[in-house]
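Since the structure comes first, as structure tokens, the remarks are kept for the end.
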Amino acid sequence: MEMGFPGSSGLGKRTGTRFVREFMVKIGSGKLKEMEDRCRALKVWQTSPLIVGYIWSQSKLINQSSKNSRRERERESAVEMEVKIEKQEEENARKWRRKKESLTSASLCPINNLDDGCLMHIFSFLSPIPDRYNTALVCHRWCYLACHPRLWLRVDRSVKDLSEPAVFPNIETAVTAARPGDTILIAAGGIHHASNIQIKKPLCLIGGGELPDETTLICSRGSDSALEFLSTCKLANLTVKAELGCCLLHRKGRLTIDGCILQCESNPLDYLSCPIVSTATGSQQFPSSLKGHSDGVFVSQTRIEGGAKAVSTSGDLELQRVRVIYARTSLLFWFDVEHQ
Amino acid sequence: MSSSKSNKIVKLESSDNKTFEVEEAVAVQSETLKNMVDDGCANDTIPLPNVNGKILEMVLGWCKKHVDETVTGDELNKYEADFLDLDQADLYGLLMAANFLNVKGLLDRVLQRVADMIKGKKPEEIRRIFNIKNDFTPEEEEEIRLENAWAFD
């Protein structure tokens with residue numbers, strides 16, 4: 001029904017406004033126009049159409065015999081609305097004044113007069129969890145600077161000495177030096193040796209190339225795994241290869257693997273190796289409602305090759321929600337390993 | 001490189017037209033002034049339009065103290081700690097000046113002080129302290145929370 005009543009499209013969904021619609025039909029379009037004009041004059045559209053309808057229904061447009069009493073009632077409710085509108089306008093004016101003040105005088109927010117380098121230097125003094133994370137929620141500029149790659153640690157095998165503050169020659173030293181919540185960027189090209197690196201704090205390891213193939217971690221024959229996770233971590237854009245043994249050993253925490261490649265070398269003892277081994281048990285202390293806090297491995301868009309099977313669990317976590325895409329040259333997996 | 005370093009005086013003028021005369025050794029603690037001296041621009045008074053007199057005096061005091069060889073390590077530490085006991089307005093002025101003049105030790109200390117003001121606070125408190133406007137929509141805020149949520153158990 002075409003009514004030209006602003007917000008009428010939403011009215012149908014709300015059962016409480018059926019009476020509003022019905023009496024509007026009774027009024028007819030002429031009166032409706034008058035109503036709309038009156039509402040616009042009172043700026044009633046700032047509130048909801050429901051209130052408008054309610055007011056007009058209160059004013060008993062339809063059943064009114066004498067015009068005077070109708071006008072009186074209209075005036076009463078209009079006055080009520082006017083008072084409300086006035087208060088709203090005062091509030092808006094106050095807010096606008098405050099906004100104008102902060103826009104015009106930069107001295108009210110002097111910290112944002114600092115250049116990016118300075119602010120990033122300040123953020124580098126803060127530990128990522130929880131302080132830098134909180135600064136990222138302050139405003140857009142701070143979010144951009146707090147999450148900037150310049151604040152990440154870098155692993156670059158070609159670096160000879162430890163003079164540059166956040167650059168490390170190998171992954172172990174970077175992991176040791178990192179603070180909980182730090183991000184470590186592993187330079188692309190060449191091979192990084194990773195054997196039994198234990199990660200006991202929340203870290204994010206990111207490969208520095210465009211594709212996961214460009215950053216490779218190799219776990220040599222003698223070790224159980226390349227990376228052992230005892231804490232919530234995230235891996236992205238990396239290739240992890242294991243010659244014998246597993247690529248990733250998950251003990252506890254939530255491990256997120258996004259866009260990586262996990263390969264076990266094919267060799268006669270294949271049945272002993274698995275790309276992902278999880279010995280975690282589902283956390284008994286958390287009730288199932290806290291789903292987001294349980295241990296598990298969450299894999300997305302990851303190529304898994306070799307090994308007896310993709311995931312081997314010795315705890316009581318299980319494979320769930322498995323999706324596979326058969327791409328031209330490989331299989332891409334999405335799955336979660338968590339407590340049922 | 002100037003040949004006679006020992007007695008050269010550098011003249012500085014702050015934004016409120018106060019002049020300060022300091023030895024070159026003191027002035028070159030500031031990288032900015034050091035570059036000017038090395039480039040030979042320091043023969044006349046150097047104007048510093050974005051540093052006012054009070055702050056410039058403080059910065060020069062810091063530089064003098066660090067050049068002075070009779071000051072012990074402990075004294076220096078105490079001096080530095082007391083130095084930074086300032087109210088917010090002065091702290092910002094000092095921060096801008098240290099950034100502009102690029103006095104490394106002072107800049108690090110002041111930035112550390114600002115970082116200490118941020119440490120342990122929630123975003124809303126940080127906004128209140130530094131008077132920063134929240135320009136996130138609720139959806140954007142939620143998105144950022146989710147992005148970083150992987151790190152929280």
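Here is the naming used below: chain letters follow the sequence lines, and residue numbers restart at 1 for every chain. We use all heavy atoms of the structure for the numbers below, so side chains are in, but hydrogens, waters and symmetry mates are not.
You'll find the ring centres of A:Y144 and A:H140 outside the 6.0 Å limit.
Highest contact tally toward chain B, considering only A:L126, A:D115, A:L119, is held by A:L126 [criterion: heavy-atom pairs under 4.5 Å].
Interface remark: B:I126 contributes side-chain atoms only to the contact with chain A (heavy atom separation under 4.5 Å). Interface remark: B:E140 contributes side-chain atoms only to the contact with chain A (heavy atom separation under 4.5 Å). Using a 4.5 Å cut-off between heavy atoms, B:N134 touches chain A through backbone and side chain atoms alike. Contacts of B:D108 with chain A are made by both backbone and side-chain atoms, with heavy-atom separations under 4.5 Å.
For the residue pair B:S14/B:N52, the side-chain donor-acceptor check at 3.5 Å is not satisfied.
A:D116 contributes no side-chain N or O that, together with a main-chain N or O of A:L145, makes up a donor-acceptor pair within less than 3.5 Å. No donor-acceptor pair under 3.5 Å is formed between the side chain of A:R179 and the backbone N or O of A:P128.
With rounding to the nearest 0.5 angstrom, the CG atom of A:L137 is 5.0 Å from the CZ atom of B:R145.
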